[in-house]
Amino acid sequence: MRPQLNDLLTPPRLFAAVSLLLIVATLLATSFTQARFFRDAVIDREAVIVRDMAHALVLRELAAPDMESYADPAAQVHFERSVSALKSLSGVVRIKIFDHNGTIVWSDEPRLVGKHRTTAHEEDLEKALGGTTRAVLNPAERPSHAEEGLPAEELIEFYIPFSVLRVGSAGETVRGAISIYRLARELNDTIRRGLLLLWLVKGAGGAILFVAIFTLFNAVYRRQQRVESQFAKLSSEHERIVQMEKLSAMGRMAAEIAHQFNNPLIGVLNLAQLAERNADKPEKVRSLLGEIRQAGEHCRDFVGRMLRFTQASRSEFQPVELAALAGDTAELFRQSSPEHSEVVLALPAAPADVQGDPVLLRHALFNLLDNAARAAPGCAVEVALASGDGGWRISVADRGPGLSPEVMENLFTPFFTTRKGGTGLGLSVARHVAVQHGGRLWAENRPEGGAVFHFWIPVTRDDEDENTAG
Ligand code: ADP
């Protein structure tokens, strides 16, 4: 199988390639600038040394009359003597002395004397005559090298300005320039060694920087990978646990249904056997058949409750005013409860409009009222409706025994009941309704005794807009 580009371009490899590229580019850019600076600095330094040497060894000896009448053999001898010390310097291959017009008044190559400056060094000489010391590294293939009989290799040319006092004048000077050509071999060697050192240091620095950055990235990347894989493992384990919970809840539900059917079924079988044995006693058979019908009705009621429970997952949303809904439900509950339990309502003046399914909301509230009334028979149930947290909260409080830790823990588990004949479905259905409306249902014990159940659902967006507009 051919490796895919994505497999080859793993994040560490991509990072290594990009960072290496950036480091190399930065090093090249800075090194070229520094190399140029280093080379110029070395040549300038050399120029200063040569200028100081020239001033110390030669220029003191030069005299204005020699400059003016340079063709005079005596002047030439004087020049020769003056520059003899310079000629003995290592690598010096040509010396020329120019007057202020750029005419060569003396050179170690006699045939150049009297010639005017050539275009080859016009600019440098001009600057030197203007007072600036110049140093130029010239390539070997310069034509003037051949013309002047100079060696065919790289030379460094120095142009050094000087001025000599005119005899008998009051401080008047004659300007000139001396040019010295030296073999660039030694200087080039020094520059080459310096540059080599520079590149080595830069290269080593770049390599250390790259290794450090890459190691750091790799450590961070690996750590992130580890965290991600742990997270993925946890998520899949969580999924598994949720799945197991669901299965076990379904198992419990199936067991409960089987249990609910089993008792009446055994009763029906026993009653039927009894009826068979008493087939000749019609009165007895009628009474047994009546009991069988009762057991059947019991089963039918249970199935009905189960169906209502499953229907709770279907809902139709519409505008609902909660205060009116709470009032209606409380009235219905009062009428239908055996003791006509009293319900005390604390409702807000403003309408409590929400979007919801009134049938489900009524059913949930009814369950809460029923539980409260059963917890404290004969005592009034208190229902309060208040806004908060961007929604409305219906609180149903009683004066019963409250909720023990065990009951509190299992309150909303389907089929959990402590009541004889209870189904254990009332609260789980009520919570289901709350969740369907984007809300919550929770319970707590009241400090003054008894329990309170809070059913909270959020206000719809339309409602919020209206409120802010109003
Ligand atoms: P059921 O009423 O059929 O038992 P519910 O789901 O409505 O089922 O309630 C589950 C259990 O929660 C009850 O059996 C009871 O133990 C406890 N419970 C519910 N409401 C209250 C309350 N107001 N005070 C004390 N216990 C309560």
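Whatever order the structure lists ligands and atoms in, that order sets their numbers, starting from 1.
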[X] heavy atom under 4.0 Å from ligand 1:
X      : answer
Gly424 : yes
Phe453 : yes
Leu411 : yes

Atoms of ligand 1 close to [X] [distance to a heavy atom under 4.0 angstrom, numbered from 1]:
X      : answer
Phe416 : 10 (C), 11 (C)
Ala375 : 22 (C), 23 (N), 24 (N)
Gly426 : 5 (P), 6 (O), 7 (O), 8 (O)
Leu427 : 5 (P), 6 (O), 7 (O), 9 (O), 12 (O), 19 (C)
Gly402 : 25 (C)

Check your understanding: Can you find a side-chain donor-acceptor pair between Gln355 and His437 that sits under 3.5 Å?
Key -> no

Exercise for review: Verify the distance criterion only: is there a donor paired with an acceptor across the side chains of Gln318 and Asp357 at less than 3.5 Å?
Suggested key: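 There is no such pair between these side chains.
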
Exercise for review: Please say whether Pro401 places an N or O atom under 3.5 Å from an N or O atom belonging to ligand 1.
Suggested key: no

Exercise for review: Please indicate whether any nitrogen or oxygen in Ser428 is less than 3.5 Å from any nitrogen or oxygen in ligand 1.
Suggested key: no

Exercise for review: Nearest heavy atom to atom 27 (C) of ligand 1 wins, so pick from Asn410, Asn371, Leu403.
Suggested key: Leu403

Practice item. Can you figure out which of Leu425, Thr418, Val452 has its heavy atom closest to atom 16 (O) of ligand 1? Key: Thr418

Review point. Under the 6.0 Å and 45° cation-pi test, does Arg393 pair with Trp456?
Key: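 Judged by the rule, Arg393 and Trp456 form no cation-pi pair.
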
Point to revise | Parallel, tilted or perpendicular: rings of Phe217 and Phe15 (30°, 60°) | key: parallel

Of all the non-hydrogen atoms in the protein, which one sits nearest to [atom], and at what distance?
atom                    : answer
atom 23 (N) of ligand 1 : Asp398 OD2, 2.8 Å
atom 4 (O) of ligand 1  : Thr417 OG1, 2.5 Å
atom 2 (O) of ligand 1  : Arg419 NH2, 2.9 Å

Could you check whether any side-chain heavy atom of [X] comes within less than 4.5 Å of a side-chain heavy atom of [Y], counting everything from C-beta outward?
X      : Y      : result
Leu368 : Leu427 : yes
Lys127 : Pro161 : no
Val92  : Ile180 : yes

Considering only distance and modelled atom types, tabulate donor-acceptor pairs under 3.5 Å from the side chains of residues 200-208, sequence neighbours left out.
from, atom 1, to, atom 2, distance (Å)
Lys202, NZ, Thr30, OG1, 3.2
Lys202, NZ, Gln34, OE1, 3.0

Considering only distance and modelled atom types, tabulate donor-acceptor pairs under 3.5 Å from the side chains of residues 405-421, sequence neighbours left out.
from, atom 1, to, atom 2, distance (Å)
Asn410, ND2, Glu406, O, 3.0
Thr413, OG1, Asn410, O, 3.2
Thr417, OG1, Arg419, N, 3.1
Thr417, OG1, Arg419, O, 3.4

**Study point:** Aromatic ring proximity Phe455/Trp392, centre distance under 6.0 Å
**Key:**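 No, they do not, as the ring centres are separated by 6.0 Å or more.
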
